[in-house]
Amino acid sequence: MSSVDGNLIQDLQARGLIAQMTGDDALESYLADGSRTLYCGFDPTADSLHIGSLVPLLTLKRFQLAGHKPIALVGGATGLIGDPSFKAQERKLNTPDVVASWVGKIRDQVSRFIDFDLPGNGAEVVNNLDWTANLNVLDFLRDVGKHFSVNNMINKESVKQRIDREGAGISFTEFTYMLLQSYDFSELYKRNDCTLQIGGSDQWGNIVGGVDLTRKMHGGHVFGLTLPLVTKSDGTKFGKTESGTIWLDAAKTSPYAFYQFWLNTADADVYKFLRYFTFLSVEEIASIEAEDQAAQGRPQAQGVLAREVTRLIHGEEGLEAAERITHAMFSGSFSDLSEADLEQLALDGLPCTELPEGLEQIPMTSLLTDAGMVKAGREVKDALGRQAVWVNGEAKGAEDNMKAHEVFAADKALYGRFYLVKLGKKKNHLLKRSA
RNA sequence: GCAGGGGUUCCCGAGUGGCCAAAGGGAUCAGACUGUAAAUCUGACGCGAAAGCUUCGGUGGUUCGAAUCCACCCCCCUGCACCA
């Protein structure tokens, strides 16, 4: 049995990672006294987790590093129901086979973060469908449902807007979600001696429900701890960009795009994010912050954050790929890229499209819109008007709009095949001549 | 079901017969300044390279002409009634 790090809670506190916890000081000494088993649930609401799940995921890992045993629960059952917590509207149910396929993907993703082979506190992944699939309705209502007060449930902050708001409403199905999640906790307590559940702060109601149910059903004293919702200083939602959600799946968000997302973190958020999303010690982060403050110009923090998190999610290889593209695209020295480098960029996740036929007829606006660089031709037109489109380093203007055949002439291609197109400062794209 | 209010371009929100592709704000994109930041300033912002085309909950109608007027329908909100 590995020894436990008694300072875990203090470290989490220093990182700002504790939103609420049950039994305050009791939990801290409970964790310091021995290796405990804890769990966190991840519902399959899509075919991949996104960075919103990163805080709980990494926190599980922090507990493991401190000597505790983490269980990642994939919600094969709860994913069939839908958590109403702080959701404005009832959600559409996904079909069982869809949820089942998502369960598989989420399980694989989650598994990459925690260590299964640690002696004494090796991680586990469980699926709550295992203990609910064959649950008898009458038994459930008698054994579990009886412990819940509807009066209490409708007063939960998490469902208040659904209860109070005219025209919103909540179905009995979603209303029951809390019972299922609570039952999970009591089951894991019984089966795995799991005595702590962690989750986002929106899960507080569900977690407390589980704490109560475990006491009522098994007389067990268990704990709950919630993590803060990640917010940005400018008030916009964390984890979304104009081009969409930042996913953990490399097929949905390339390591390059992922790296760029973190690199673009606002100064006002970056040190907080370093504490949330990296395993650098709070002291290290403080010294980075101090250095940045002392230095003029660009802070180093975003680079550190992007590197650390990208390595964590996509590994050393993913990070190298991301940095390779970033360097090629933003250093302005793409001309010394080799042919193999260019091919690699496409593989690394630089958006890449094949050049269509009949360029004489195709305006640049449609060409670049179709390639997915922008949403409407107007943006290309605007950019052309400001000399903000470059093809292989050469700025193009409005007069080139109908001259795609000249802009993309065969003799202008790098290695006879490639064109690097840059629109504005940040949009890069690779166009390839078909072979 | 009755009475009243409302549904406008990504969002909020003006517009009540032509001057409306539709004020203003937000978001977004691009430019300047920078650090691939923030703040600020500038431009764009239904679609289209253009000519032009398609919008104001839906369908029909009145009119030379409708987001604006009429009819019917759908949806939302606020009261009242019904369920009790």
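Since the model is a prediction, treat every value here as computed from it, not as a measurement. In the text below, chain A, chain B and the rest are named by the order of the sequence lines, each starting its count at 1. Computed from heavy atoms alone, side chains included, the values below leave out hydrogens, waters and symmetry copies.
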After noting the C-alpha distance and the side-chain angles of D11(A) and R15(A), does the key distance pass the salt bridge (Lys or Arg N to Asp or Glu O under 4.0 Å) rule?
-> CA-CA 6 Å; D11(A) 180 59; R15(A) 289 176 182 277; 3.1 Å; yes
Atom [atom1] of [X] and atom [atom2] of [N]: how far apart are they, to the nearest Å?
X       : N      : atom1 : atom2 : answer
L368(A) : C29(B) : CG    : P     : 17 Å
K396(A) : G31(B) : NZ    : P     : 17 Å
K422(A) : A30(B) : NZ    : C1'   : 14 Å
R298(A) : U34(B) : CZ    : P     : 15 Å
K427(A) : U28(B) : NZ    : P     : 12 Å
N428(A) : A30(B) : CG    : P     : 11 Å
K375(A) : C10(B) : NZ    : C1'   : 8 Å
N264(A) : A37(B) : CG    : C1'   : 8 Å

Trace of the side-chain hydrogen bond (donor to acceptor under 3.5 Å, both in side chains) decision for Q203(A) with N206(A) = CA-CA 5 Å; Q203(A) 293 299 306; N206(A) 292 332; 3.1 Å; yes
Nearest-nucleotide pick for [X], side chain only, options being [options]:
X       : options                : answer
A376(A) : G48(B), A50(B), A37(B) : G48(B)
S366(A) : A30(B), A49(B), A37(B) : A49(B)
D267(A) : G35(B), U36(B), C29(B) : G35(B)

Considering Watson-Crick and G-U wobble pairs with both distances under 3.5 Å, what does [N] pair with?
N      : result
C20(B) : none
U40(B) : A32(B)
G4(B)  : C77(B)
A71(B) : U59(B)
G46(B) : C53(B)

OP1 or OP2 of A27(B) less than 4.0 angstrom from a side-chain nitrogen or oxygen of K237(A), does that happen here?
-> no
So, is K381(A) near the phosphate of C29(B), with a side-chain N or O under 4.0 Å from OP1 or OP2?
-> no
Which part of the nucleic acid, if any, lies within contact of Q302(A), taking any heavy atom under 4.0 Å across all strands shown: a base, the sugar-phosphate backbone alone, or nothing?
-> base
Given ring pair (Phe, Tyr, Trp, His ring centres under 6.0 Å), test W262(A) with F277(A) step by step and report yes or no.
-> CA-CA 10 Å; W262(A) 295 102; F277(A) 296 105; 4.8 Å; yes
Whole-angstrom distance between [N] and [M], as gauged at atom [atom1]:
N      : M      : atom1 : result
G46(B) : C29(B) : C1'   : 15 Å
U68(B) : C19(B) : C1'   : 15 Å
G24(B) : C73(B) : C1'   : 33 Å
G48(B) : G13(B) : C1'   : 28 Å
C2(B)  : A81(B) : C1'   : 7 Å
G6(B)  : A50(B) : C1'   : 40 Å
A14(B) : G31(B) : P     : 35 Å
G60(B) : G52(B) : C1'   : 28 Å

Check whether the side chain of R378(A) and the base of G46(B) form a donor-acceptor pair under 3.5 Å.
-> no
Can you check whether any acceptor in the base of U34(B) is under 3.5 Å from a donor in the side chain of K425(A), or vice versa?
-> yes
5' priority, RNA chain B, between P299(A) and P363(A) [closest heavy atom] = P299(A)
Most 5' of D382(A) and T326(A) on RNA chain B, judged by nearest nucleotide = T326(A)
Residue that, paired with Q302(A), satisfies side chain to side chain donor-acceptor pair (under 3.5 Å) out of D267(A), T265(A), N264(A) = D267(A)
Going by the angle between their ring planes, with limits at 30° and 60°, are F175(A) and F172(A) parallel, tilted or perpendicular?
-> tilted
Taking all non-hydrogen atoms of both residues into account, name the closest pair between R307(A) and Y259(A) and its distance.
-> N-CE1, 4.1 Å
Reference residue L305(A); test side-chain contact (heavy atoms from CB on, under 4.5 Å); the match among T278(A), D269(A), L263(A) = T278(A)
